[in-house]
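All remarks here apply to the structure that follows.
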Amino acid sequence: RSMEVVLLPITINGRFCADQQLDSRGHMLILEYDKFVQDTDQTKDRPIKDRRDIAIYGLASEIGSVAAAIKKRLLGEGEAEEWNVPNTEIIEELGDVVWYCFALARLANQKKRVNIFIHDINNLQREVIAEDARANSIQRIIGQKKRNNFIRAAGDFLKRTRFMTFNDYQKLAFLTARTKKRILVEVCVAVLYQLSAELFRKLLPKVELQLNRSLKDRPINDILGEIAWHIASLASIYGLELGDVAQENMKKVSFRRHRD
């Protein structure tokens with residue numbers, strides 16, 4: 001089944017800027033997309049707490065939409081044989097999750113901006129080089145070669161700063177995947193729901209946090225980094241480049257702003 005993608009010009013504040021977000025290889029730059037999210041955030045006039053709450057609800061809702069789009073592919077009548085063939089709905093929903101991840105990262109880090117991809121790679125580095133039972137289990141599953149390739153590539157990735165791309169992060173993060181194909185898709189959907197629940201804990205009063213302990217409280221940047229990893233992994237399974245997903249999201253958001 002062919003993938004239907006409507007190509008639209010990317011505009012920010014009414015200016016056409018088709019290629020300004022790409023590096024010399026034609027890959028989407030993380031820094032430029034982050035600026036786009038900032039420019040297209042329509043909650044700027046609201047108090048920070050309201051904006052953060054809106055972003056949490058928005059991100060959780062879009063994760064649900066990703067799951068719904070994937071369910072149709074996995075379980076829909078006549079769809080099972082093409083479970084790993086992406087369609088417009090999957091691409092759009094993945095892009096919406098990426099937008100809200102970047103929006104929430106900005107709102108949650110007012111004093112110092114945090115790149116959630118860098119944050120996630122740093123966490124993954126610590127995880128794979130640790131000398132404990134979990135690290136040993138991960139190494140055994142992914143293999144010594146992938147582990148070493150990840151450690152080397154992570155060092156190069158973290159030096160790029162302004163020139164980091166979505167695709168570089170996607171390829172690097174996928175080296176740490178512990179399952180494959182359809183199983184990985186189902187793992188991603190399950191974990192994304194769990195991460196949504198962790199985000200909602202940020203909205204609970206203290207008494208409820210004390211009484212509801214089935215999930216632990218973690219820094220929001222750790223949660224956002226893991227959401228990014230699972231969205232990037234879904235893109236990889238569907239044969240999509242995460243940079244292209246981000247570009248399509250920019251086109252959709254720009255079109256809606258222009259229409260409104």
Side-chain angles (χ1 to χ4, degrees), residues 34 37-38 40-72 74-75 90 92-127 130 132-135 137-138 173 176 178-179 183-234 249 253:
D34 184 50
V37 172
Q38 183 182 24
T40 54
D41 186 348
Q42 298 184 47
T43 68
K44 293 176 183 177
D45 297 331
R46 305 280 292 272
I48 289 295
K49 182 182 182 306
D50 289 355
R51 295 177 66 193
R52 187 200 66 163
D53 292 355
I54 290 169
I56 288 175
Y57 271 96
L59 180 50
S61 296
E62 295 302 340
I63 285 173
S65 295
V66 166
I70 290 173
K71 180 203 74 173
K72 296 174 188 176
L74 291 179
L75 305 175
I90 288 174
E92 286 189 359
E93 302 303 348
L94 291 175
D96 288 340
V97 170
V98 173
W99 191 97
Y100 273 108
C101 274
F102 275 72
L104 185 52
R106 274 189 169 272
L107 294 168
N109 297 280
Q110 292 288 303
K111 294 182 179 180
K112 183 179 180 181
R113 198 168 71 194
V114 171
N115 181 321
I116 58 172
F117 291 162
I118 292 177
H119 188 85
D120 185 52
I121 294 302
N122 279 326
N123 283 347
L124 287 170
Q125 272 189 315
R126 285 190 289 270
E127 188 172 58
D132 55 26
R134 177 178 171 83
S137 178
I138 291 172
T176 63
R178 301 188 293 269
T179 52
I183 293 176
L184 180 54
V185 171
E186 293 170 338
V187 167
C188 286
V189 171
V191 175
L192 284 168
Y193 269 124
Q194 178 177 307
L195 293 168
S196 293
E198 288 189 59
L199 283 178
F200 274 122
R201 286 186 65 81
K202 306 298 179 184
L203 308 181
L204 297 181
K206 187 175 181 179
V207 62
E208 292 299 334
L209 291 175
Q210 293 172 344
L211 294 173
N212 294 280
R213 304 300 301 173
S214 58
L215 290 173
K216 60 184 179 180
D217 295 305
R218 298 193 297 153
I220 197 166
N221 292 327
D222 290 355
I223 300 170
L224 291 174
E226 290 186 21
I227 290 174
W229 189 96
H230 288 86
I231 291 299
S233 293
L234 285 172
N249 176 256
V253 172

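Side chains are part of it too, since the values below use all heavy atoms of this structure and drop only hydrogens, waters and symmetry mates. All values reported here derive from a predicted model rather than from experimental measurement. Count residues from 1 along the sequence.
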Does any non-hydrogen side-chain atom of [Y] lie less than 4.5 Å from one of [X]?
X: Tyr100; Y: Ile63; answer: no
X: Lys44; Y: Arg51; answer: yes
X: Asn212; Y: Arg201; answer: yes
X: Asp50; Y: Thr43; answer: no
X: Leu192; Y: Leu234; answer: yes

Would Val97 and Leu59 count as a side-chain contact (heavy atoms from CB on, under 4.5 Å) if you check the C-alpha gap in whole Å, the side-chain angles of each, and the deciding distance to 0.1 Å? CA-CA 6 Å; Val97 170; Leu59 180 50; 3.7 Å; yes
Value rounded to 0.5 Å, distance of [atom1] in [X] from [atom2] in [Y]:
X: Gln125; Y: Asp120; atom1: CD; atom2: CG; result: 10.5 Å
X: Gln210; Y: Arg213; atom1: CD; atom2: CZ; result: 8.0 Å
X: Ile90; Y: Ser65; atom1: CD1; atom2: OG; result: 12.0 Å
X: Asp53; Y: Arg46; atom1: CG; atom2: CZ; result: 9.5 Å
X: Leu224; Y: Asn221; atom1: CG; atom2: CG; result: 6.0 Å

Nearest non-hydrogen partners of [X] and [Y], listed with the distance:
X: Lys202; Y: Ile220; result: NZ-N, 4.0 Å
X: Val189; Y: Ala67; result: CG1-CB, 3.9 Å
X: Glu208; Y: Leu204; result: CB-CB, 4.3 Å
X: Gly64; Y: Tyr193; result: CA-OH, 3.8 Å
X: Cys101; Y: Ile227; result: SG-CG2, 3.4 Å
X: Arg52; Y: Leu104; result: CG-CD1, 3.8 Å

Could you check Gln38 against Asp34 for side-chain contact (heavy atoms from CB on, under 4.5 Å), going step by step and ending with a plain yes or no? CA-CA 6 Å; Gln38 183 182 24; Asp34 184 50; 6.0 Å; no
Do side-chain atoms of Arg178 reach the backbone of Ser137 as a donor and acceptor pair under 3.5 angstrom?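 Here the side-chain-to-backbone pair does not exist.
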Would one find more than 12 heavy atoms of other residues, nucleotides or ligands at under 6.0 Å from atom [atom1] of [X]?
X: Lys206; atom1: NZ; value: no
X: Ile183; atom1: CD1; value: no
X: Asp45; atom1: CG; value: no

Evaluate Glu198 against Asp222 for side-chain contact (heavy atoms from CB on, under 4.5 Å), listing each step before the verdict. CA-CA 10 Å; Glu198 288 189 59; Asp222 290 355; over 6 Å; no
Of Asn122, Asn115, Asn123, which meets side-chain contact (heavy atoms from CB on, under 4.5 Å) against His119?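 Among Asn122, Asn115, Asn123, the one meeting side-chain contact (heavy atoms from CB on, under 4.5 Å) with His119 is Asn123.
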If the test is side-chain contact (heavy atoms from CB on, under 4.5 Å), which one of Leu184, Val185, Val191 qualifies with Cys188?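 The residue from Leu184, Val185, Val191 that satisfies side-chain contact (heavy atoms from CB on, under 4.5 Å) with Cys188 turns out to be Leu184.
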Applying side-chain contact (heavy atoms from CB on, under 4.5 Å), run through Phe102 and Phe117 and close with a yes or a no. CA-CA 10 Å; Phe102 275 72; Phe117 291 162; 4.1 Å; yes
Taking 4.0 angstrom as the limit, do Arg106 and Asp41 come out as a salt bridge?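 Salt bridge flag = no for Asp41 with Arg106.
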So which pairs with a foot in residues 224-233 pass side chain to side chain donor-acceptor pair (under 3.5 Å), sequence neighbours left out?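 Output for this query lists Thr176-Trp229, Arg218-Glu226.
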